[in-house]
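My questions will all concern the structure given below.
Below, chains carry the letters A, B, ... as their sequence lines are ordered, and counting in each starts from 1. Side chains are part of it too, since the values below use all heavy atoms of this structure and drop only hydrogens, waters and symmetry mates. For clarity, every value in this text was computed on a predicted model and none was experimentally measured.
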Protein chains: 2
Amino acid sequence: MSRPTIAEVARAAGVSVASVSRVLNGLPATEEMVVRVQRAVQELGYVPDSRARSLKVGRTFQLTLAVADVGNPVYVTMMRAVEEVVSAAGYRLVVTTTGSDVVDEVALVRGMARGYADGLVISPLRVDDDLIKSIRECDVPVVVAGNVPASAGVDTVRANSPKGMALAVEHLLAKGRDRIAFVNGPVDTVPGAARAKGFADAVKQYKLEAAGTIEADDFTFAAGRAAGREFFETNRPNAVICANDLLAVGVMHELAAYGLAVPADVAVIGMDDSELAEQSFPPLTSVNLGSAERGRRAAELLLARIDDDTRKPKRIVVQPTLSVRRSTP
Amino acid sequence: MSRPTIAEVARAAGVSVASVSRVLNGLPATEEMVVRVQRAVQELGYVPDSRARSLKVGRTFQLTLAVADVGNPVYVTMMRAVEEVVSAAGYRLVVTTTGSDVVDEVALVRGMARGYADGLVISPLRVDDDLIKSIRECDVPVVVAGNVPASAGVDTVRANSPKGMALAVEHLLAKGRDRIAFVNGPVDTVPGAARAKGFADAVKQYKLEAAGTIEADDFTFAAGRAAGREFFETNRPNAVICANDLLAVGVMHELAAYGLAVPADVAVIGMDDSELAEQSFPPLTSVNLGSAERGRRAAELLLARIDDDTRKPKRIVVQPTLSVRRSTP
DNA sequence: TTGTATGCGTTATCAA
DNA sequence: TTGATAACGCATACAA
């Protein structure tokens, strides 16, 4: 015996399928009707089929969050925030990993047309015209957690990297560190470009002589280590800012290998203020770019747009703060 | 104008909906038919609706992976492995966080009856009769990544914690550490109970005098720190084995706070061999309980069972290895 | 308030 | 090989 349908419940309760549906969805019904239906539901162990319901109402009550790398702890933070908001609104969250290739991102957005989910929060690592186009043409609402042009006409919520970079530089200068190096991720990515600009701005504003910039191959721990190796063969900075926490932890490992103490010899600042910042040793001073708040607001924007698709696209910017820990003096 | 349906494609191509469906699903058709349909599909930008398809074929081509805590890096490893297998088989993966409460796990398994997904891999932290019952009664195939009784009649793939614990103890003894402490997670959890038994066995086998056992409140970094604090006020072990990497990193932080050097004063071994083990400082010697392989095999079992529900339940045990890093001499 | 009947978009069965 | 048509399980417009 397979799963009972609403028709069998109706038969068992001696009422119509419409009445069963109404009771199940909390629409007006007499006390007796409610009792009869609920009893039948109970007895048969009836559970509504979400597939059929989805087809009928045109919604899956499922939302997608697309991130580049589930191994990056910043996405854990963001995921938690998004999950909290959407589940409170009665949606399930589907987390998808796109990888760092933009064609996979485009394929994902295009695939949304199949109706897997009612909406999408995407945090794209790389953005090109194809991606913007696919987002604009997407059948379901999309919110970008990241930076795309206003012309894309889409809700966005992004971090303020330049401001965050300024916080990091100010902190280091206040602690007397003036030879500041910068380890970035790939500059052809959205966060990479933003961090690069932020660092350049800060250097100019504070009239620093930048003690070298290096572009790691990726935003990962391994890339951070490799960058660190390359780095300390050429420069001798007394501080280094990294584009995210994973890179920073990688660099710290390499510093240790070179016998340099953190923060005594070299101060290190990460970005994202992820759980890893707290767990690393020494605990990592990190720029909190508001990943939790960005996730929360992105989810809220998505829900709002699902509710009303005519509203004007919002562009939210979340301001950074600095979480000072022991990797800086 | 909204998304085109198969009927509109049929009209545009001047053929029947049945023919369109056939072409789209690669069933036999004449060359000309294929061309005409594909052209119409192209022109209209038709994309099949997965909701309707799901209702008709009774499958969503979606699989669920349920884990306790997305912040635990061991699940990242497992998730990656599962994702790889299921996506190769044409399924999307939905990752769900259950938290550590068994009633949430039961609710999740029960909810599968709604037909959200075609199968479930669950890695339960706590197991009770309700959960076993819900798994046995579940409408879709379930594979347990963890330890449940054979009487549950379900496919399982689990780690060999006792063996892993033995590896850790042997390694420490070989390095001359004889006062070995143990920081476990909650013993009312599946992994907690398994680790506890494993440590007790190893202590007996190697005739150790255990230098204290402590039960942390959770399998988290914060709980590890708290456990470490409590610990080093009472005991002075020269080695400590932790039930997972997060706990181990927490304990190492506390050791540093007490001015104890790792591994010189105290050797530390974690379990799971997650990415965090590599990233921690010093890099953490960790028992690899085969989380990647467990994920892979669990996914394979699930696919096999979806394919044939009559096959006899398999119980796979994955053997551990030791990843030696610098937190041990 | 309740029941009847229709349709959501697709696949599958059956005749042609 | 192709076309007409009946489901899949549910929600809802409309009638009673």
Counting any heavy atom closer than 4.0 Å, what does Ser21(A) reach on the DNA or RNA strands: base, sugar-phosphate only, or nothing?
base
Among residues at least two apart in sequence or on other chains, which ones pass side chain to side chain contact (heavy atoms under 4.5 Å, CB included) with Leu120(B)?
Thr64(B), Ala66(B), Leu108(B), Val109(B), Met112(B), Ile122(B), Val142(B)
If a pair satisfies side-chain hydrogen bond (donor to acceptor under 3.5 Å, both in side chains) and one of its residues is in residues 92-101 of chain B, list it, with sequence neighbours excluded.
Gln62(B)-Arg92(B)
Base, sugar-phosphate, or nothing for Ala29(A), non-hydrogen atoms under 4.0 angstrom?
sugar-phosphate
Let's go through Val37(B) and Val15(B) carefully: what are the C-alpha distance in whole Å and the side-chain angles of both, what is the deciding distance for side chain to side chain contact (heavy atoms under 4.5 Å, CB included) to 0.1 Å, and is it a yes or a no?
CA-CA 8 Å; Val37(B) 169; Val15(B) 301; 4.1 Å; yes
Distances for protein N/O vs nucleotides 7-9 of chain D N/O pairs under 3.5 angstrom?
residue: dA7(D); atom: N3; partner: Lys56(B); partner atom: NZ; Å: 2.9

Can you run down the side-chain hydrogen bond (donor to acceptor under 3.5 Å, both in side chains) pairs that involve residues 103-115 of chain B, sequence neighbours left out, and say none if there aren't any?
Arg114(B)-Tyr116(B)
Under the side chain to side chain contact (heavy atoms under 4.5 Å, CB included) rule, collect the residues that match up with Val74(A), sequence neighbours excluded.
Asn72(A), Asp272(A), Ser291(A)
Report the residues that fulfil ring pair (Phe, Tyr, Trp, His ring centres under 6.0 Å) with Tyr75(A), sequence neighbours left out, ordered by chain and then residue number.
none
Counting only side-chain nitrogens and oxygens, does Ser54(A) get under 4.0 Å of the OP1 or OP2 atom of dC10(D)?
no
Partner residues of Asp69(B) under the salt bridge (Lys or Arg N to Asp or Glu O under 4.0 Å) criterion, sequence neighbours left out:
Arg80(A)
With a 4.5 Å heavy-atom cut-off, do Leu303(B) and Leu63(B) have their side chains touching?
yes
Are any side-chain N or O atoms of Asn25(B) and backbone N or O atoms of Leu27(B), one a donor and one an acceptor, separated by less than 3.5 Å?
no
Are Arg158(A) and Arg315(A) close enough, and set up right, to give a side chain to side chain contact (heavy atoms under 4.5 Å, CB included), and what steps lead you there?
CA-CA 8 Å; Arg158(A) 63 181 204 272; Arg315(A) 294 173 64 78; 3.6 Å; yes
Qualifying residues under side chain to side chain contact (heavy atoms under 4.5 Å, CB included), relative to Pro149(A), sequence neighbours excluded:
Ile132(A), Ser151(A)
Protein N or O to nucleotides 14-16 of chain D N or O, pairs below 3.5 Å:
none

Axis-to-axis angle across the helix from dT1(C)-dA16(D) to dA16(C)-dT1(D), five pairs each end, nearest 10 degrees, ~ 40°
Using a 4.0 Å cut-off to any heavy atom of chain A, which nucleotides of DNA chain C are the first and last in contact, reading 5' to 3'?
dT1(C) to dG9(C)
Qualifying side-chain hydrogen bond (donor to acceptor under 3.5 Å, both in side chains) pairs, either residue in residues 131-148 of chain A, two or more places apart
none
Would you call Arg39(B)-Glu43(B) a salt bridge at under 4.0 Å N-O?
no
